[in-house]
Amino acid sequence: MTRRFGSTVLAALIVAGGLGAAGIATAEERVVPADMTEVRLSFAPIVKKVAPAVVNVYARKVVRQQRRMTPFLDDPFFRHFFGDRENGQPRTRMQRSLGSGVVISDDGIILTNNHVIRGAEEVRVAFNDKRQFDCDVILDDDKTDLAVLKIRDPKGEKFPSVAIGDSDGLEVGDIVLAIGNPFGVGQTVTQGIVSALARTRVGVSDYQFFIQTDAAINPGNSGGALIDMRGNLVGINTAIYSRSGGSNGIGFAIPSNMARLVAESARQGGDSVKRPWLGASLQQVTSDIAESLGLDRPEGVLVVGVISGGPAEAAGLKVGDLIVTVDGAVVDSPNSFGYRFVTKGISGTAKLGIVRAGREMVAEVALAPAPETVPRDERAIEGYSPFAGITVANLSPAVAEELDLKGLTEGVVIVAVDRRSPAASVGLLPGDVIVDVNGDRIGTTRQLEGIAESDPRTWRIVISRNGQLIRMAFRG
């Protein structure tokens with residue numbers, strides 16, 4: 001059915017399935033409702049169907065803060081009045097976060113944003129009918145900023161749920177509803193349109209491919225539902241663009257097809273999301289690159305590296321190939337390729353449309369996860385070396401994929417740094433790959449642990465960070 005937006009009333013009438021006696025109006029016309037039936041048309045039936053499945057999410061965690069040492073407590077006079085039991089000792093406070101969530105199955109599986117529940121020691125959800133339940137976090141995924149909750153004791157109840165729709169079917173101009181709990185005022189429904197698709201500069205997750213909407217989204221809406229006119233979930237409301245903290249009409253939602261991938265991983269009992277691995281490095285096609293390739297305009301993504309033994313090599317991809325489609329869907333950036341490829345899931349193959357030396361070709365790539373070719377053998381480095389306070393792992397395609405290390409598949413990588421450690425003070429960061437220590441090439445975590453126990457007069461360290469080699473030197 002043709003969408004026309006001559007007036008708000010017309011939009012509502014079209015959603016309801018017809019224009020009645022008023023007939024089809026052109027964009028220039030303004031039409032008065034013909035009777036009271038048309039005046040009463042609304043989104044209420046969709047809201048009644050979906051709203052019971054949107055919950056408030058309450059998360060609590062204990063935050064420990066180090067008390068500042070004060071010299072006054074060395075004085076017996078001050079200790080007499082103020083005591084000294086807590087001087088320099090950590091104090092705790094309870095930090096609470098508020099968000100929204102969407103029930104996607106009647107056994108109490110709930111989708112929300114990972115940033116709503118990150119680090120929480122207690123998660124509780126409240127339904128619109130005042131029922132409250134404790135939840136377990138069964139999967140949290142930083143890469144997508146999504147988390148899956150499960151109601152801990154459903155007491156045999158079947159919960160209202162929302163079907164996950166196909167976000168790839170959305171078009172700019174489609175009407176959508178946002179449902180959540182903004183500012184903690186209670187469940188709220190706002191209406192708008194899809195303002196844009198495939199937004200890539202939002203910066204809240206590794207997969208930059210967001211639905212933009214002007215339906216009002218505010219703090220507390222995070223994790224709530226973006227609903228289409230069929231009553232299906234098409235997005236998880238996640239972020240807003242705002243200088244004041246309130247809605248300015250620019251909100252972003254994670255597409256439901258990405259949310260489905262995370263939900264299915266949780267349903268299959270996994271504690272992490274399994275994603276297909278291409279085994280190749282990609283680059284954005286700029287105007288200069290497009291000109292060198294003989295293209296009229298920038299399009300597709302350029303293959304700049306192929307990992308030996310990976311799916312891309314097995315499919316015959318080569319450096320210099322231009323990938324323009326994934327199963328027929330056009331891609332024009334590494335972000336759009338990542339979204340299209342990853343949401344295929346771990347099963348079967350994907351057909352990549354490529355251009356090689358001016359010829360169009362198709363490469364069929366297996367949808368398989370990145371392999372862990374060597375045991376990661378995580379080790380916490382202790383002692384007094386510059387490495388004290390880091391946790392390291394052996395690199396493999398699987399570890400590199402988790403840490404988003406492009407083109408690296410072997411070596412030793414830092415996965416965590418204690419912020420109060422010697423390693424933090426010398427500037428080591430998670431994601432750094434330790435290449436060389438005092439002239440010795442580092443190949444395993446066991447080797448690094450042994451070297452860290454030595455006592456040289458000088459430490460000379462080479463690390464790889466964001467594709468650049470950085471050299472450091474410290475006195476032993």
Side-chain angles (χ1 to χ4, degrees), residues 99 101-102 104 110-120 137-149 164 167-168 198-211 222-223 235-239 252-282 301 307 310-311 326 331 333-347 350 367-372 376 378 391 393 395-409 413-416 429-433 466:
V102 191
I104 58 171
I110 299 168
L111 275 169
T112 187
N113 280 138
N114 188 46
H115 72 258
V116 171
I117 55 86
R118 184 181 290 118
V137 180
I138 59 176
L139 191 152
D140 57 328
D141 188 56
D142 264 332
K143 282 182 172 290
T144 57
D145 192 24
L146 289 170
V148 184
L149 314 178
I164 299 179
S167 52
D168 286 348
R199 287 300 195 207
T200 60
R201 297 184 180 181
V202 181
V204 296
S205 75
D206 287 1
Y207 292 97
Q208 296 289 303
F209 201 86
F210 290 87
I211 301 165
S222 288
I236 299 294
N237 300 321
T238 298
F252 302 98
I254 298 169
S256 60
N257 287 353
M258 181 63 79
R260 180 186 287 107
L261 175 73
V262 176
E264 288 177 353
S265 295
R267 284 191 176 118
Q268 293 167 5
D271 58 359
S272 62
V273 180
K274 298 297 184 184
R275 301 175 174 88
W277 176 57
L278 179 63
S281 300
L282 305 176
V301 289
I307 296 173
V326 177
V331 295
S333 70
N335 283 321
S336 64
F337 175 87
Y339 170 80
R340 297 294 181 191
F341 189 69
V342 164
T343 51
K344 294 298 174 184
I346 304 294
S347 179
L367 296 170
E372 194 158 309
R376 62 183 64 199
E378 286 194 8
T391 301
L395 259 176
S396 66
V399 173
E401 189 76 2
E402 290 173 16
L403 299 178
D404 199 27
L405 300 175
K406 307 297 186 184
L408 297 174
T409 57
V413 63
I414 299 174
V415 296
L429 300 173
D432 286 349
V433 177
N466 298 325

Does Ile110 reach the side chain of Val102, with side-chain heavy atoms less than 4.5 Å apart?
no

Over all atoms of both residues, closest heavy-atom pair of Ala253 and Asn237
CB-OD1, 3.8 Å

Shortest non-hydrogen contact between Thr238 and Ile236, atoms and distance:
OG1-O, 2.8 Å

Mind listing the closest non-hydrogen atom pair of Ala263 and Ile104 along with its distance?
CB-CD1, 3.6 Å

Quick one, Phe252 and Ile211 - any side-chain contact, counting heavy atoms below 4.5 Å?
no

How close do Phe337 and Leu282 get, counting heavy atoms only, and between which atoms?
CD2-CD1, 3.4 Å

Minimum-distance pair of heavy atoms, taken over all atoms of Ile346 and Pro276
CD1-N, 3.1 Å

Run the side-chain contact (heavy atoms from CB on, under 4.5 Å) check on Asp404 and Lys143 step by step: do they pass?
CA-CA 9 Å; Asp404 199 27; Lys143 282 182 172 290; 4.0 Å; yes

Do Asp141 and Asn114 meet the criterion of a side-chain donor-acceptor pair at a distance under 3.5 Å?
no

Considering only heavy atoms from C-beta outward, does the side chain of Val326 approach that of Lys344 to under 4.5 Å?
yes

Please identify which of these residues, Asp432, Val433, Val399, meets the side chain to side chain contact (heavy atoms under 4.5 Å, CB included) condition with Leu405.
Val433

For the pair Asn113 and Leu146, evaluate side-chain contact (heavy atoms from CB on, under 4.5 Å) and give the outcome as yes or no after the intermediate values.
CA-CA 4 Å; Asn113 280 138; Leu146 289 170; 4.3 Å; yes

Less than 4.5 Å apart, any side-chain heavy atom of Thr144 and any of Arg275?
yes

Checking the side chain of Thr112 only, and the main-chain atoms of Ala147 only, is there a donor and an acceptor separated by less than 3.5 Å?
no

Side chains of Pro397 and Ile307 in contact at under 4.5 Å (non-hydrogen atoms)
no

Would you compute the distance between atom CE of Met258 and atom CG of Asp145 and round it to the nearest 0.5 angstrom?
12.0 Å

Residue pair Arg118 / Asp142, side-chain heavy-atom distance below 4.5 Å
yes

Indicate the atoms forming the closest heavy-atom contact of Pro430 with Ala416, along with that distance.
CG-CA, 4.4 Å

Can you tell if the side chain of Asn257 reaches within under 4.5 Å of the side chain of Arg340, non-hydrogen atoms only?
no

